[in-house]
Structures are given as C-alpha cells and as structure tokens.
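Source: prediction; values computed, not measured. When a ligand or atom number is given, it counts from 1 through the structure's own listing order. Computed over heavy atoms, backbone and side chain alike; hydrogens, waters and symmetry mates excluded.
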Amino acid sequence: MKSNNHQDLGLNPDTLPAHVAIIMDGNGRWAKQRMMNRVKGHEKGSETVRTIVTACRELGISNLTLYAFSTENWERPKAEVKALMSLLKKFIISERAELLEKGIRFNVIGQKHRLPEDVQAEINTTMRVTASNTAMTLNLALSYGAREEITTAVKSIAQKVKSGMISPDKVTTQSISDHLYTSNLPDPDLLIRTSGEYRISNFLLWQIAYAEIYISQTFWPDFTRQEFIEILKNYQQRDRRFGKV
Ligand code: FPP
C-alpha cells in the first residue's frame, strides 16, 4: 500500500507493528446471542480471519499470528473440535491460491503432530507451496500452548547441555528464543484480544514480554477492518519504552 493511503487512514507507515498477534475470542458468545450453534460463530469467525489477513497484507504488516486452537481446546466437546478442524482444513485449502498470489507465507506454530492427519497434510502442502513468499507471514497457532512450547525448548536445551554441545553459561535469552516455535519471527509488538476478556490464556508468554496489549470488546465474528485500523492508530500513539525512560 502506498504511504498516501496510510495517511488517508490516519496511519504512519513507518511505525506500524512488525508483528501483530491476536487472541480471537467470542465466537461462542456471538452465536449464543443469536440462538445459534457455537460452530456458526466459528464459521463467521473464519470470515473475519480472511478480512484481517487481507488488511495486514494491504497495510504492510509483515507478521500476523492468530490463536486458532489452544492445547486446552482439545477438552471441548468432540463435535466442536471436529467442526473446528474441518473449518481449518477448509480455510487452508480455500485460501491457498490467494496466499500464493499475495506473496503470503503460511506457517503453523504448535503441536502440529496432534492434529488430524488430513489437516496436517493440507498444512504441509500450503506451507511448502508458500515457503518462498516474503511479503508477509501468516502464522496459525494450532494446538498451541506457551508453557508446552517453553517446556519443549528447555528439554531440547537440556539435551544439548547434557551431550556437551553447549555449556550452561551459554544459555541466553536469545538461545531460548531460538528454541521456540517462533524462532524465525520478531516478537509481537501488538497483542489484541477480542470479546473483552483480560487474559493471556497461555499465548506466546515468552514472546509478548514487551508487546503493547489492546483488549477489544467486540466478539471476533463482528471484528472489522475499521476497528483493526483504529487499534493500529491507538498503538501508534503509545510511548514504547522497553523498560527505559
Ligand atoms: C474463541 O471463541 C475461538 C476459538 C477457540 C477458535 C478460533 C477459530 C476461528 C476464528 C475459526 C477458524 C479459524 C481459522 C484460522 C479459519 P470461543 O469459542 O472461545 O468463544 P466464547 O469465549 O464466546 O465461547
């Protein structure tokens, strides 16, 4: 997008977040308000995913991470888990061509191996065909939990220490970051949670150390491009000090 378009929107193209992470919450309550099945909320929510991915690409936000399924979500009723997996599969297949066309790299963070095999296969195909795209990275957090991620990283570092590959004093914050699913991504600058809940819910605990947090009252299915732009404006007005004065 040309910078005069950003100016029309009230945005400064030079200080956009390099990485936006979103906890997409409120699909169930959106559906309940309408006396609909929760799955309808997830369906409408996947349309919002499309809108926000497109907005990020147009605005020039290089990295977007969406919390689509947590390790805890496996505990939901079987039918809801099944419906979510089938929606994900549908999304990954239907968006493949557009991701390619728009130069978006598709990536998954989380316990990919726990997902149904057919979903894994579609993920792998989309990751493979979009691997050389550089305009933007879309990260889906699937069967993701930050404590599990950190535990896996610690185990892997402990193994390396045990085998003598690295010495304990060479374990740094950077080496821990390098062992996380997000090793090839910058830390999120902005974390958005929808539906008015003030919780992190085991999302990117290490990576959000200095992220600006924005809680939207809107249920995810009702979240719009316009509200997203307003949040970006709010972000651009903040004074980020990273612990300094
Ligand atoms: C939270 O709403 C949302 C989820 C657990 C799943 C998010 C999934 C989607 C937006 C749709 C599919 C995703 C993609 C990438 C196509 P909730 O069910 O916890 O809502 P509630 O708190 O109101 O019950």
Worksheet entry | For W206, ring-ring contact (aromatic ring centres under 6.0 Å, His included) partners two or more places apart |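 With sequence neighbours excluded, W206 shows a ring-ring contact (aromatic ring centres under 6.0 Å, His included) to no residue whatsoever.
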
Side-chain contact test, heavy atoms from C-beta onward, threshold under 4.5 Å: evaluate it for [X] versus [Y] and give yes or no.
| X | Y | result |
| --- | --- | --- |
| M136 | K102 | no |
| T134 | R105 | no |
| V81 | F69 | yes |

Discussion item. Looking only at protein heavy atoms, which one is nearest to atom 3 (C) of ligand 1, and what is the separation?
Written reply: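 Looking only at protein heavy atoms, the one closest to atom 3 (C) of ligand 1 is M24 O, 3.1 Å.
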
Practice prompt. Would you mind checking which non-hydrogen protein atom is closest to atom 9 (C) of ligand 1, with the distance to 0.1 Å?
Written response: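 Going atom by atom, the protein heavy atom closest to atom 9 (C) of ligand 1 ends up being N27 ND2, 3.6 Å.
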
Indicate yes or no: does an N/O atom of [X] lie under 3.5 Å from an N/O atom of ligand 1?
| X | answer |
| --- | --- |
| R76 | yes |
| R29 | yes |
| S46 | no |
| N73 | no |
| G28 | yes |

Practice prompt. Just jot down the salt bridge (Lys or Arg N to Asp or Glu O under 4.0 Å) partners of E72, sequence neighbours excluded, or say none.
Written response: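 Counting only residues at least two positions away or on another chain, E72 forms no salt bridge (Lys or Arg N to Asp or Glu O under 4.0 Å).
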
Item to complete: Give the intermediate values and the outcome of salt bridge (Lys or Arg N to Asp or Glu O under 4.0 Å) for residues R34 and D222.
Response: CA-CA 13 Å; R34 289 160 180 77; D222 284 334; 3.7 Å; yes

Practice prompt. Anything under 30° is parallel, anything over 60° is perpendicular, the rest tilted; go ahead and classify Y210 against F242.
Written response: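 Y210 vs F242 ring planes: tilted.
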
Fill in: Atom indices of ligand 1 within 4.0 angstrom of W220 heavy atoms, with elements
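What qualifies from ligand 1 is 10 (C).
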
Discussion item. Out of H42, K32, E80, who is nearest to atom 11 (C) of ligand 1 when you count heavy atoms only?
Written reply: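 Heavy atom nearest to atom 11 (C) of ligand 1 belongs to H42.
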
Worksheet item: If hydrogens are left out, which of V53, T48, L88, I22 has an atom nearest to atom 15 (C) of ligand 1, that is, the closest non-hydrogen atom?
Response: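 Going through V53, T48, L88, I22 one by one, L88 has the nearest heavy atom to atom 15 (C) of ligand 1.
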
Worksheet item: Side chain, backbone, both or neither: which part of F69 comes within less than 4.0 Å of ligand 1 when only heavy atoms are counted?
Response: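 Neither part.
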
Worksheet item: Considering only heavy atoms, does R38 approach ligand 1 within less than 4.0 Å through its side chain, its backbone, both, or neither?
Response: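 For R38, the contact with ligand 1 is made by the side chain alone.
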
Worksheet item: Around K233, counting heavy atoms of other residues, nucleotides and ligands shown, do more than 12 lie under 6.0 Å from its NZ?
Response: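 Yes, because the 6.0 Å sphere around NZ of K233 holds more than 12 heavy atoms from other groups.
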
Discussion item. Looking at ligand 1, is there an atom of it that comes within less than 4.0 Å of some heavy atom belonging to A68?
Written reply: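 Yes, A68 has a heavy atom closer than 4.0 Å to ligand 1.
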
Worksheet item: What do you reckon, does L66 put a non-hydrogen atom under 4.0 Å from ligand 1?
Response: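 Not so, L66 does not reach ligand 1.
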
Worksheet item: Does a salt bridge link E47 with R50, judged by any charged N lying under 4.0 Å from a carboxylate O?
Response: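 Salt bridge absent between E47 and R50.
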
